[in-house]
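One structure is given below, encoded as structure tokens.
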Amino acid sequence: MEEMQTTYNPKEFEDRIYREWMENGCFRAEIDRDKVPFTVMMPPPNVTGQLHMGHAMDETMQDILVRFKRMQGYCALWLPGTDHASIATEVKIVERLKKEGHTKEELGREEFLRRAWAWKEKYGGRIVEQLKKLGSSCDWSRLAFTMDEKCSRAVREAFFRLYQKGLIYRGSRIINWCPSCKTALSDAEVEYAEEQGHFWYFAYPVEGSDETLVIATTRPETMLGDTAVAVHPGDKRYAHLVGKMLRLPLTDRTIPVVADEYVDPEFGTGAVKITPAHDPNDFEVGLRHNLPVIRVMNDDGTMNDLAGGYAGLDRYEARKRIVEKMQQLGLLVKIEAHAHNVGHCYRCHSTVEPIVSKQWFVRMKPLAKPAIDAVVKKKTKFTPDRFSKIYYNWLENIRDWCISRQLWWGHRIPVWYCGDCGEVICARETPSVCPKCGSAHLTQDEDVLDTWFSSALWPFSTLGWPEETEDFDYFYPTDVLVTGYDIIPFWVMRMMFSGIEHTDKVPFRDVLIHGLVRDEQGRKMSKSLGNGIDPLEVIDKYGADSLRLSLVTGVAPGNDTRFTDAKVEASRNFINKLWNASRFVLMNAKREKAPALSEIRLQPADRWIISHLQACIREVSAALDKFDLGIAADKLVDFVWNDFCDWYIELSKPALYGEDADKKRGALAVLMMVLENILKLLHPFIPYVTEEIYSYLPTTKGFIMKADYPRYNSRLAYKKEAKAFEGVIDLIKTVRAMKVEVSCPPSRKVHVYLMTESRRLVTVNKNAIMRLAGASEVSFVDGGPEAGAKVVSNVCELGQVFIPLGDLVDLEKEKARLEKELERVTGEIARAGSKLANQNFVAKAPKKLVDDERAKLEKLIDAKAKVERRLKDFE
RNA sequence: GGGGGCAUAGCUCAGUUGGUUAGAGCGCAUGCUUCACAUGCAUGAGGUCACAGGUUCGAGCCCUGUUGUCCCCACCA
């Protein structure tokens, strides 16, 4: 076996190891009916997108869970895939065409789609390769794409079923329209941002009177589509006008004044212009009063023929001219500054127009109810739980889902219209003739479906649904979905109601929600700010393991986290530590073959580290089961660095370098055993380096990722022995601190005198104590030193320590130290004493707590006496 | 308007069902070329757990209110 390199250098092995995992089919989930499945569906990134920090965290968390479960013996399937990202991808392709001087209309649908697929082929592999860099252990043989045959079939099936049940319908409704993407958007796809705008007060003349009615509007251009003015029914100011007609300026139309509860008499002038075609609320008012719907805007945001003289103008130009014209006519009463929220397209950020349009919708109310119930009944659990409230909030206030998009890249709506009889045909497969009249004049609906319609089916479409495949039968429902909170309304919610509707089961039992990865200053990473950090660059510099570990340490579930170089460096340093500790163990193990644990006699230090290992195994497993990845990582780092490296390795050195062959073999056995366990425990977090080190272990075969995850063994807990050994550690720490306190150089060995009842324990560990505490000798004494001796003293768990330091001792310093110690101990005694004097505490607190407190008090009193005695020596 | 998060060491953050003297990393101070590691070792300084009440034998944690801050939803035209 080759020697390990002296420093940790991830570049040497990360790519090689990933290749080996792939070549050996380590990620492949073979159905095994003797095993319990554990299924995770990867949230599919945009097929032509690039890896960012958000993905990196999302992927890391999933990989940790999947590797953990796989090692625990589950049949773990992590199914990867990509999303066609209808609007996002189409926007990109259109931009590209624009640069080449083309428009998509010029190319036509067929040619455009040909190019889109070519684009997908060109860039679709990029994100997949990037995911591999992270070490993701997903089953690439099952790689899915939302527009592949399997998923497309599921989309048609789902649409068909919903249509048959009357849960999908087509209708003219107010929808959010993006004039730039020229498509409808769902409510979730609109982002609101406050903008500084204006309030224009316009006077509308009352027909047959000199009176005018003043309304206020933020969008003057829509006045051309006004079909009424509404006032509150109880508003006395306007009561006499209700039912009268107004002359709508700039047009030759007259419109009625109607009374409607929707109007807030306190706001503006208390009179609202009603434009049913361009405002959701006005649309509702229009329905109540049977008002005509006059749409004055084209799909591209310009005014249409119904806008009369303003036809062809851009919406903002029209606004300007209308205001000017109204002013000329003397009908502009005033202009006020007004801040209001304006909706923007979540992809291109253009201002969205609410517009009446004929679109396809999913009827949400009947679907929302079971989706809410499933979470209420805990069939699906959110972690952290608070996100279930956000989920409820969305579903309880949900409106019908607009699923048609005026785009080409996506799943075309499986509906055909008969050119002869007008029949509307929804079918799974393309029909050849009209089932009603037999005509072959069929044209398919031009629109495609919202990207999220196919994503909603992801947990089961990828497993072959609607076919009753073996995969579907075995792996569905999935176990845990890992995703960010920003995507709950887009995706989580829709998978929930879709899963329940189509498969009768919740699509996943747990939803693990994480926060956003922010920049160093806490800002969201974004393209426009240019503050995004490329995970691939970080991997290049520090390795994937360091990146992974840094993304989960110090992070609480659901909370945002800041990404800093310092964090990655800390992780890298830890891995370097692990690397070197391993190197140390292996170097020593080489000379002497490490025996099995059962063949050796355990020393107190051995039992101590084994005990801590057991605690670590239990705590880490429990934390992972609760999705507390940050806590699990913390515990591991702490155990490896503090317990194993700083203590156990150092404690083992006297044995390793000593003459006693049995002790040497014993220490080696324990070092090897603990190291192997550490590697396994850490593997889900830092898979590459653990796999690499594992390959050097003489005792192991095969891949660590296929090894069994350590299990807690109560017979190895050694709680009593471990507790006793803490006394030795405390003694070493006490001696070290005493030396530092009196400025004794670390290189100077001191003679340690100890007054203790634990002589055996100390004797057994004498060599280690001498080495770690920097002592030349450890001797036992029955009493304290003579008065005035140049000795420093302190109390530790095992008893009292004296160190004669000759001329080096600064008696004044020692006295000051003792006085400080006395103060501390006295304070502690007072605190413990008053606690025990409290009858309520003694009566109501658990007995163990009270007993502990009593024992502590006794010890403190003893310690105080000792310190006082020493202080007397200085008088 | 509704909902939610956060407020703990100089900085970034953990803190399990309420229970010893509230933790980590980084930073800081002091000292270490100890044969795995200076990407390291040792020792240490540093906190009124935002504020005010309450529940409890006991509160960083539970309850009420206040302040500051961030986010989500709604959209009074």
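When reading the values below, keep in mind they use all heavy atoms of this one structure, side chains included, and skip hydrogens, waters and symmetry mates.
Remark: A:Y204 engages no residue in a ring pair (Phe, Tyr, Trp, His ring centres under 6.0 Å) (not counting sequence neighbours).
Aromatic ring centroids of A:F574 and A:F685 lie 6.0 Å or more apart.
Taken residue by residue, residues 197-204 of chain A places no heavy atom nearer than 4.0 Å to RNA chain B.
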Exercise. Using Watson-Crick or G-U wobble pairs with both distances under 3.5 Å, give me RNA chain B in dot-bracket, 5' to 3', with [ ] for crossers and | for pairs to another strand.
Key: (((((((..((((.....[...)))).(((((.......))))).....(((((..]....))))))))))))....

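For A:K577, a side-chain nitrogen or oxygen approaches OP1 or OP2 of B:C41 to under 4.0 Å. When the side-chain nitrogen and oxygen atoms of A:H338 are compared with OP1 and OP2 of B:A77, one or more of them lie within a distance under 4.0 Å. For the OP1/OP2 pair of B:G5 and a distance below 4.0 Å, the side-chain nitrogens and oxygens of A:R386 include no atom meeting the criterion.
Judged by atom type and distance alone, A:R736 does not reach the base of B:U43 through any side-chain donor-acceptor pair under 3.5 Å. Remark: the A:E650 side chain and the B:A36 base include a donor-acceptor N/O pair separated by less than 3.5 Å.
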With 3.5 Å as the limit, what N/O pairs link the protein to nucleotides 55-59 of chain B?
| from | atom 1 | to | atom 2 | distance (Å) |
| --- | --- | --- | --- | --- |
| B:C57 | OP1 | A:K844 | NZ | 2.0 |
| B:C57 | O2' | A:N838 | ND2 | 2.8 |

Identify all pairs in which a protein N or O lies below 3.5 Å from an N or O of nucleotides 25-27 of chain B, and state each distance.
none

Atom pairs under 3.5 Å: protein N/O with N/O of nucleotides 69-75 of chain B:
| from | atom 1 | to | atom 2 | distance (Å) |
| --- | --- | --- | --- | --- |
| B:A74 | N6 | A:N341 | ND2 | 3.4 |
| B:C75 | N3 | A:N341 | ND2 | 2.8 |
| B:C75 | N4 | A:N341 | ND2 | 2.7 |

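Here the rule is side chain to side chain contact (heavy atoms under 4.5 Å, CB included) with A:T553, and of A:L549, A:L551, A:V555 only A:L549 fits it.
Across the protein-nucleic acid pair, A:K653 atom NZ and B:A36 atom C1' stand 7 Å apart, rounded to whole Å.
Aromatic ring orientation, A:Y648 versus A:F644: parallel (interplanar angle below 30°, classes split at 30° and 60°). The aromatic rings of A:W579 and A:Y8 sit tilted relative to each other, their planes meeting at an angle between 30° and 60°.
Judged by distance alone, the side chain of A:T269 and the main-chain N or O of A:V214 form a donor-acceptor pair under 3.5 Å. Judged by distance alone, the side chain of A:N588 and the main-chain N or O of A:F584 form a donor-acceptor pair under 3.5 Å. The main-chain N or O of A:V689 is found under 3.5 Å from a side-chain atom of A:D545 such that the two form a donor-acceptor pair.
For the atom pair A:I575 CD1 and A:S582 OG, the distance stands at 11.5 Å (nearest 0.5 Å).
B:U64 and B:C75 have their C1' atoms separated by 32 Å, given to the nearest Å. For the P atoms, the distance linking B:A59 with B:U20 amounts to 12 Å, nearest Å.
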